[in-house]
Amino acid sequence: MAKQNDGFVQHITPQAEDFSRWYTDVIKMADMVDYSDVKGCMVIKQYGYGIWELIQQEMDARIKETGHKNAYFPLLIPKHLLETEAEHVEGFAPEAAWVTIGGNEELAEPLCIRPTSESIICSMYSKWVQSYRDLPVLLNQWCNVLRWEKSTRPFLRTSEFLWQEGHTVHMTQQEAEEETLKMLRVYQEFAKNVLAMPVLIGQKSEKEKFAGADHTYTMEALMLDGKALQMGTSHNLGQNFAKGFDIQFLDKDGKKKYAWQTSWGTSTRMIGGLIMVHGDERGLRLPPRVAPVQCVIVPVAVHKEGVLQKAQELFLQLKHAGVRVELDERDQSPGWKFNEWELKGVPIRLEIGPRDIENKVCMLARRDTCAKDAYSLENIDRTVIEMLDDIHETMYTQALAFREEHTYDAKNWDEFMQGIEQKHGLVRAMWCGETACEEQIKEKTGVTTRCKPFEQEDLGEVCVHCGKPAKQMMIFAKSY
RNA sequence: CGGGGUGUAGCGCAGUUUGGCUAGCGUACGUGCUUUGGGAGCAUGGGGCCGGGGGUUCGAAUCCCUUCACCCCGACCA
């Protein structure tokens, strides 16, 4: 990647050993974030936030389409509420931040800055749910949460982050399970059609599941350095919170019953995933559907008559056609602009100069393949829109091919170790399902279970590590 | 929390070992002219509590003590 500021060009590739350096450089140079004074809290600048706004817009439409409504609950959670569900509080206590003073007085009860909203939402649900007629409750909220993390990294693990959290209440276990799976599928479809990212979906192990859930589903994506990133989760909470918070309803049969619940979420972490799946040695590559600028127009030889005028014409034409387009009129050389927009990942660059105007064409440069060709100015808006779709498909296909190249099966421990030491990526292997075994694998290799995929294959009879009878095929990987 | 490293102009750094002239370089920024199809050229200008505090000294970016912040590797983390 071309670096500014040191007087010469230095190249860093995403596959190199200093992947994490590449990652922070891309974010910084694409002008997505700045760093605040508060440990691990980032300032998301306009360009980075523009991406989040598009993610929000697309995700929100899907959440509403599946019957959910948005609501908002308080930022502060009284201590006793957080402590109501035993497993939940144990899971979140180490990363909780507290407000203990209000005005100048010490509070009688400390208030937790929400690390997640299950407890405060459930405390309301217990009032709202009385009868089977009140069910299901299907709510979602967009908000920020705070977790006091020991080490942070922009987008992947920040103390404060923005997310969407859905919380639902149902009459039956089956209905809750269907909801949990439905939202996981929504996430998967979103990843594919909006982020151009292939994800694996499946179930988390007992050790990796959400604190307070019966079981947790996840979508996992493979990054360019061979590590896996959890991109979204969907939890079946069973009756754990219902019992803790007394969420009961009077059923048709006249009996009082505890409700069944789910929760599911996706966060700004997805932006980190985007960067680490699609980036290259020139910087960011944005999938068109989340690109704040989909097409940038760079006029060449602006001082020549008619060039700027033509560029402005094209700008309006594309804008009216619904393309997120920007005209770069800054007083810089064209080459400088080319590099900057490539760094920022803009999918299409349109170049227009005197020569093109004479030939009734313009140049279109694609960020995904770096191809640059002349296209007729006639129906240029349609050409651009079609190209945006094609870029999306190409990026998805590239990411999928990368994942497949970096997924391998291990039938025994030797193959498992060999795979981890020599290749990077996802290991598919049979596993006994026991937490003790899982912990030993982590200790020996640094690799953890990512998910038990819904699409199971029989790779053998026994656990790849301990040799006990295998219960499932599991995906293992190093993770963020 | 352990181990290692870094704090000097917006950004990237040199200078610290061996204390000494007015604290430098690149880039970015301002102005003027010429340029413009892959990071333009010349001229000129502005910008610094050398992370903070305390010491040693005639004199400290440099040595000593202390403190804060950030980065990397572990550990921790849904």
Side-chain angles (χ1 to χ4, degrees), chain A residues 1-10 17-21 23-25 28-29 31 34-40 87-88 90-96 115-116 118 145 147-154 156-159 163 165 203-213 215-220 229-235 237 263-267 269 282-283 298-304 307-308 328-343 349-359 361-363 365 370 372 374 442-443 446 448-451 479-480:
Chain A
M1 190 174 82
K3 288 197 67 181
Q4 282 169 312
N5 295 336
D6 25 7
F8 57 93
V9 174
Q10 192 183 339
E17 282 170 13
D18 51 358
F19 185 76
S20 86
R21 177 73 194 269
Y23 176 75
T24 44
D25 278 354
K28 197 170 179 183
M29 292 169 66
D31 205 27
D34 203 341
Y35 300 92
S36 75
D37 292 337
V38 179
K39 177 181 166 56
E87 222 178 282
H88 187 64
E90 198 183 315
F92 281 102
E95 36 192 277
T116 177
E118 270 78 6
V145 290
R147 299 177 186 183
W148 214 256
E149 302 287 356
K150 289 215 170 65
S151 66
T152 60
R153 184 172 285 189
L156 299 179
R157 178 167 286 112
T158 47
S159 302
W163 77 345
E165 50 177 330
Q203 189 173 347
K204 280 289 189 194
S205 71
E206 200 57 25
K207 183 174 184 288
E208 299 269 333
K209 76 169 191 191
F210 177 74
H215 52 266
T216 288
Y217 297 116
T218 178
M219 65 166 171
E220 302 275 330
L229 180 71
Q230 183 171 334
M231 298 274 294
T233 51
S234 186
H235 315 293
L237 302 176
S263 71
W264 26 273
T266 55
S267 71
R269 176 183 261 201
R282 295 190 185 201
V298 178
V300 176
V302 189
H303 60 289
K304 298 246 172 86
V307 171
L308 200 53
D328 189 350
E329 294 185 69
R330 291 175 300 175
D331 181 22
Q332 295 282 8
S333 76
W336 189 93
K337 293 178 184 175
F338 296 169
N339 280 291
E340 186 182 78
W341 291 110
E342 277 168 6
L343 201 58
R349 182 180 69 245
L350 189 157
E351 299 171 24
I352 183 84
R355 232 157 48 206
D356 305 314
I357 294 171
E358 202 174 309
N359 299 329
V361 295
C362 67
M363 304 298 291
C370 294
K372 177 162 139 178
K442 189 186 174 186
E443 206 169 301
T448 53
T449 62
R450 299 326 304 156
C451 72
S479 79
Y480 277 97

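Chain naming here is simple, since letters A, B, ... match the order of the sequence lines and numbering starts at 1 in each. None of these values were measured; they are calculated from a predicted model.
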Could you check whether any side-chain N or O of [X] sits under 3.5 Å from a backbone N or O of [Y], counting only pairs where one atom can act as donor and the other as acceptor?
{"X": "A:K337", "Y": "A:V298", "result": "no"}
{"X": "A:H88", "Y": "A:A211", "result": "yes"}
{"X": "A:N339", "Y": "A:W336", "result": "no"}

Check against side-chain contact (heavy atoms from CB on, under 4.5 Å), A:V307 and A:V300: CA-CA 7 Å; A:V307 171; A:V300 176; 5.9 Å; no

How long is the straight-line distance from CD of A:E342 back to CZ of A:R349, given to the nearest 0.5 Å? 5.0 Å

Distance between [atom1] atoms of [N] and [M] (Å, rounded):
{"N": "B:rG32", "M": "B:rC25", "atom1": "P", "result": "25 Å"}
{"N": "B:rG37", "M": "B:rG12", "atom1": "P", "result": "30 Å"}
{"N": "B:rC1", "M": "B:rG46", "atom1": "P", "result": "47 Å"}
{"N": "B:rC71", "M": "B:rG48", "atom1": "C1'", "result": "24 Å"}
{"N": "B:rC70", "M": "B:rA23", "atom1": "P", "result": "31 Å"}
{"N": "B:rU27", "M": "B:rA40", "atom1": "P", "result": "12 Å"}
{"N": "B:rA60", "M": "B:rG5", "atom1": "C1'", "result": "24 Å"}
{"N": "B:rG51", "M": "B:rG4", "atom1": "P", "result": "22 Å"}

Between the base of B:rG39 and the side chain of A:E342, is there any donor-acceptor pair under 3.5 Å? no

With A:Y217, the side chain to side chain contact (heavy atoms under 4.5 Å, CB included) member among A:Q203, A:K209, A:K204: A:Q203

Pairing string of RNA chain B (Watson-Crick or G-U wobble, both atom distances under 3.5 Å; | = paired to other strand) is (((((((..((((......[...)))).((((((.....)))))).....(((((..]....))))))))))))....

Just to confirm, is there a sub-4.0 Å distance from OP1 or OP2 of [N] to any side-chain nitrogen or oxygen of [X]?
{"X": "A:K28", "N": "B:rC71", "value": "no"}
{"X": "A:S333", "N": "B:rU36", "value": "no"}
{"X": "A:K337", "N": "B:rA40", "value": "no"}

Atom [atom1] of [X] and atom [atom2] of [N]: how far apart are they, to the nearest Å?
{"X": "A:M363", "N": "B:rG37", "atom1": "CE", "atom2": "P", "value": "14 Å"}
{"X": "A:N339", "N": "B:rU36", "atom1": "CG", "atom2": "P", "value": "19 Å"}
{"X": "A:D331", "N": "B:rG41", "atom1": "CG", "atom2": "C1'", "value": "14 Å"}
{"X": "A:W336", "N": "B:rU27", "atom1": "CH2", "atom2": "C1'", "value": "12 Å"}
{"X": "A:Y23", "N": "B:rC71", "atom1": "OH", "atom2": "C1'", "value": "16 Å"}
{"X": "A:E149", "N": "B:rA75", "atom1": "CD", "atom2": "P", "value": "16 Å"}
{"X": "A:K442", "N": "B:rG74", "atom1": "NZ", "atom2": "C1'", "value": "11 Å"}
{"X": "A:E358", "N": "B:rG37", "atom1": "CD", "atom2": "P", "value": "17 Å"}

Between A:T24 and A:Y480, which residue's closest nucleotide on RNA chain B lies nearer the 5′ terminus? A:T24

Residue pair A:R153/A:K204 against RNA chain B: nearer the 5' end by closest nucleotide is A:R153

Could you tell me if the side chain of A:C370 sits less than 4.5 Å from the side chain of A:R282, heavy atoms only?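 Heavy-atom side-chain distance check passes, below 4.5 Å.
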
Could you work out which one of B:rG37, B:rG38, B:rC29 sits closest to the side chain of A:D356? B:rG37

A:F338 side-chain proximity, nearest of B:rC29, B:rG38, B:rU36: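 Side chain of A:F338 sits closest to B:rG38.
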
Does [X] reach a base, just sugar-phosphate, or nothing at all? Heavy atoms under 4.0 Å.
{"X": "A:R330", "answer": "nothing"}
{"X": "A:A211", "answer": "nothing"}
{"X": "A:H235", "answer": "nothing"}
{"X": "A:E351", "answer": "base"}
{"X": "A:P354", "answer": "base"}
{"X": "A:G353", "answer": "base"}

Does NZ or CZ of A:R157 fall inside the cone over A:Y480's six-membered ring, less than 6.0 Å from its centre and within 45° of the axis?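 No, cation not above the ring by the 6.0 Å, 45° rule.
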
A:H303 ring over B:rU36 six-membered base ring, under 5.5 Å and 30°: yes

Sidechain N-carboxylate O distance under 4.0 Å for A:E340, A:R330: yes

Kindly give the heavy-atom pair with the smallest separation between A:P154 and A:Y23, and that separation in Å. O-OH, 2.8 Å

